Amino acid sequence: MLHIVNKSPTERKSLDTCLRIAAPGTILLIEDAVYAATRGTEVEARVKAAMQRFRICALLPDLEARAVADRVIEGVATVDYGGFVDLVAEHRNCQSWL
Amino acid sequence: MLHIVNKSPTERKSLDTCLRIAAPGTILLIEDAVYAATRGTEVEARVKAAMQRFRICALLPDLEARAVADRVIEGVATVDYGGFVDLVAEHRNCQSWL
Amino acid sequence: MNLGILVNEGPYQHQAADSAYLFCKAALAKGHQIHRVFFYHDGVNNSTRLTEPPQDDRNIVARWSKLAQDHNVDLVVCVAAALRRGIRDDNLAPGFRISGLGQLVESGIQADRLVVFGD
Amino acid sequence: MNLGILVNEGPYQHQAADSAYLFCKAALAKGHQIHRVFFYHDGVNNSTRLTEPPQDDRNIVARWSKLAQDHNVDLVVCVAAALRRGIRDDNLAPGFRISGLGQLVESGIQADRLVVFGD
Amino acid sequence: MSEESGTVKKFMFVNRTAPYGTVYALESLEVVLISAAFEQDVSLVFIEDGVWQLKKGQQTKGIETKNFSPTYRALEGYDVEKLYVERESLAARGLTEDDLLVDVTVLAAEELGKLMDEQDVVLSF
Amino acid sequence: MSEESGTVKKFMFVNRTAPYGTVYALESLEVVLISAAFEQDVSLVFIEDGVWQLKKGQQTKGIETKNFSPTYRALEGYDVEKLYVERESLAARGLTEDDLLVDVTVLAAEELGKLMDEQDVVLSF
């Protein structure tokens, strides 16, 4: 299953809730959630730990807008909107953690 | 100073940020923030600790709407909208932690 | 006391508009004045006269209009935010007017307190 | 693949409407079909033809209308949410239509995937 | 109202927000009722602050807003009977099943994750 | 544009949200510029995700949205020179002053709390 998270991990709890509940699968970070894909934040350790269970991707245009495309955690894949579409198509179902 | 908090303490970080930054004064919990005034939640200990530095109030109509008026932490004062107005008038300035 | 109010969210989606209205009503009941209610961000959506909420729900826009009428409250909608969101003079509910952000700053200067409601 | 889209937030206030639009554009470019874009909650505010954003900013409403025109995308606005928020047939931008929530459920049933954008 | 092709899909509604602070809880219920009318296989999940939607004793007179909580009790009449609540979300809020105004199935996070994986359409508000 | 009575109040703008995910950062800047035109004593505070507003190198072409970050550099021209950032908010995000596109004063939470107390009008977005 594809889990789409769009909230800042330092302001909202939705990423943590997703990590607690979701069965192993893919997580796509978009909008303010892309900060979770960056090195050096207080969230980094939780995201790295989650990489044991999830494939983690982040939307490149959102990383670029927020000026953090150059500090993506190793092992997090970046995708453009076309890649976002591919992820939706590849998985049987998806869930947005609004 | 009067600090007005309106976000759920279990979903957003705004109450924690307020508690970290605000100088001693009064905190009024309204809307979804009133859950912070209730007994038994994971936030209770932090709120109780904050009562050393802050007078904490909660808006009764919001507590009633959410069915938690009967589980308010001892020492938290409840006010109605008139009391909200009084709090604004009593303090020189106010800040909404949106 | 003279109170300024800022509303940053639209009706129904967030409680901010409700809280702001009930605060204003209580302030007026206590003999305070409302210097102005300024609507910014999605708050401008409080001013559309085109809303038709269900019969069993509150009519947020009509409540503001009545407040303006009964207590002569100045309801000001930010022009820049309004243009972005499709609020214009011809769909404005009674009691509202469209003006610039200067009206918000003026309210901060002239009112004794400025209270912000939003998300 | 046939994709259904749900948009729960209005234009400008949240990025949801932007993300949904850019997703649709990318999906069409890849040869997928958009079964329907359904606008719910404040999402209904994407459909007002009255918006006039600044010249140097994107026009979110006009972008949707163009998408509908160029690719025959069905843009459906929830009637109940629209009535609450003052969206009616007479202020609807080209390409949008107002209908019931059944259209959302139908999209969930008929599309291969339903992707939700919101706050 | 039933869908012409007779397709039945698994629809899950994930409720994550407290009532009244935002409109999501109320407008979510409206979709749930419609999807039931389409005779789909509907599940409702309440996690995080969404569990507050089910708290017994809501009194909205003071905020002059409609109390929509009785609708949860009416769901059974629409054959919406699969209501799930996450155990940890309840505990973090000092709530137990007795505090809730409808019967629910309490699940651990992991069980809920599996159930989510089995759905065709997941709508979250 | 200056206010007729000549009153000068202390206005503080508290920026708590990341840019682009919501409109608050952009529309907040618009009020800041207006209040400067009214010749008020204006301070800007960036806390929590608000510090991201000042991150160097924003490129918004990919999200087809206006990049408004250059406006922060223009604030000086409007005599808006009091920009404060909370130390802990920066650190929690792996940021240092070098990452920011304008000069700011970095304050501890306690210092910031005191500064807030001294204001006449506090606007938060």
Side-chain angles (χ1 to χ4, degrees), chain B residues 1-18 21-22 25-38 55 57-69 77-98, chain C residues 1-43 46 56-58 60 63-64 67 71 73 78 81 104-105 107-119:
Chain B
M1 185 168 194
L2 176 65
H3 297 276
I4 303 165
V5 180
N6 76 332
K7 289 295 172 312
S8 163
T10 38
E11 169 56 24
R12 306 265 204 137
K13 215 170 155 188
S14 55
L15 178 62
D16 286 331
T17 308
C18 169
I21 293 177
T26 305
I27 295 176
L28 172 63
L29 305 168
I30 68 169
E31 300 176 7
D32 288 346
V34 298
Y35 294 120
T38 65
R55 175 182 168 210
C57 306
L59 196 62
L60 187 58
D62 278 326
L63 288 161
E64 289 171 342
R66 290 162 182 79
V68 291
T78 60
V79 297
D80 60 9
Y81 286 99
F84 182 175
V85 173
D86 292 342
L87 284 171
V88 168
E90 280 164 22
H91 293 78
R92 256 201 75 239
N93 50 12
C94 61
Q95 138 88 332
S96 296
W97 293 83
L98 302 180
Chain C
M1 189 165 273
N2 204 359
L3 302 167
I5 308 290
L6 171 60
V7 180
N8 289 331
E9 294 293 332
Y12 304 105
Q13 189 92 341
H14 295 88
Q15 201 186 339
D18 294 289
S19 299
Y21 167 78
L22 293 167
F23 179 89
C24 288
K25 221 174 60 160
L28 292 164
K30 283 193 168 265
H32 296 294
Q33 287 91 53
I34 302 295
H35 176 266
R36 178 171 295 149
V37 184
F38 192 86
F39 297 89
Y40 195 37
H41 303 286
D42 266 5
N46 279 278
D56 61 349
D57 201 354
R58 76 266 190 222
I60 294 182
R63 279 193 324 200
W64 284 121
L67 197 77
H71 301 277
V73 175
C78 170
L104 168 60
V105 178
S107 199
I109 296 169
Q110 295 177 350
D112 298 307
R113 303 281 185 277
L114 185 66
V115 188
V116 183
F117 293 89
D119 177 43

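For clarity, every value in this text was computed on a predicted model and none was experimentally measured. Here is how names work: the chains are called A, B, and so on, in the same order as the sequence lines, proteins then strands, and each is numbered from 1. No hydrogens, no waters, no symmetry mates; every other heavy atom, side chains included, goes into these values.
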Minimum heavy-atom separation for C:Ala26 to B:Gly82, with atom names?
CB-N, 3.8 Å
Between B:Val88 and C:Phe23, is any pair of side-chain heavy atoms under 4.5 Å apart?
yes
When heavy-atom pairs shorter than 4.5 Å are enumerated against chain B, which of C:Lys25, C:Arg113, C:Lys30 gives the highest number?
C:Arg113
Donor on one side chain, acceptor on other, C:Gln15 and B:Asn6, under 3.5 Å:
no
Report which part of C:Asp18 has an atom under 4.5 Å of a heavy atom belonging to chain B: side chain, backbone, both, or neither.
neither
Does any backbone or side-chain atom of C:Leu114 lie under 4.5 Å from a heavy atom of chain B? Answer side chain, backbone, both or neither.
backbone
In terms of heavy-atom pairs under 4.5 Å, which option from B:Asp86, B:Ile4, B:Asp80, B:Val85 contacts chain C the most?
B:Val85
So which heavy atom on B:Glu31 is nearest to which on C:Ser19, and how close?
OE2-OG, 2.5 Å
With a 4.5 angstrom heavy-atom cut-off, which part of B:Arg12 approaches chain C: side chain, backbone, both or neither?
side chain
Please classify the contact of C:Ala29 with chain B as side chain, backbone, both or neither, using a heavy-atom distance under 4.5 Å.
neither
Shortest non-hydrogen pair, C:Phe117 vs B:Ile30, comes out as CE2-CD1, 4.5 Å
Applying a strict 4.5 Å limit to non-hydrogen atoms, the region of B:Asp62 in contact with chain C is side chain
Where B:Ala89 and C:His32 come nearest, the two heavy atoms and their spacing
CB-CE1, 4.4 Å
Scanning both residues in full, the closest heavy-atom pair of C:Val116 with B:Leu98 reads CG1-CD1, 3.6 Å
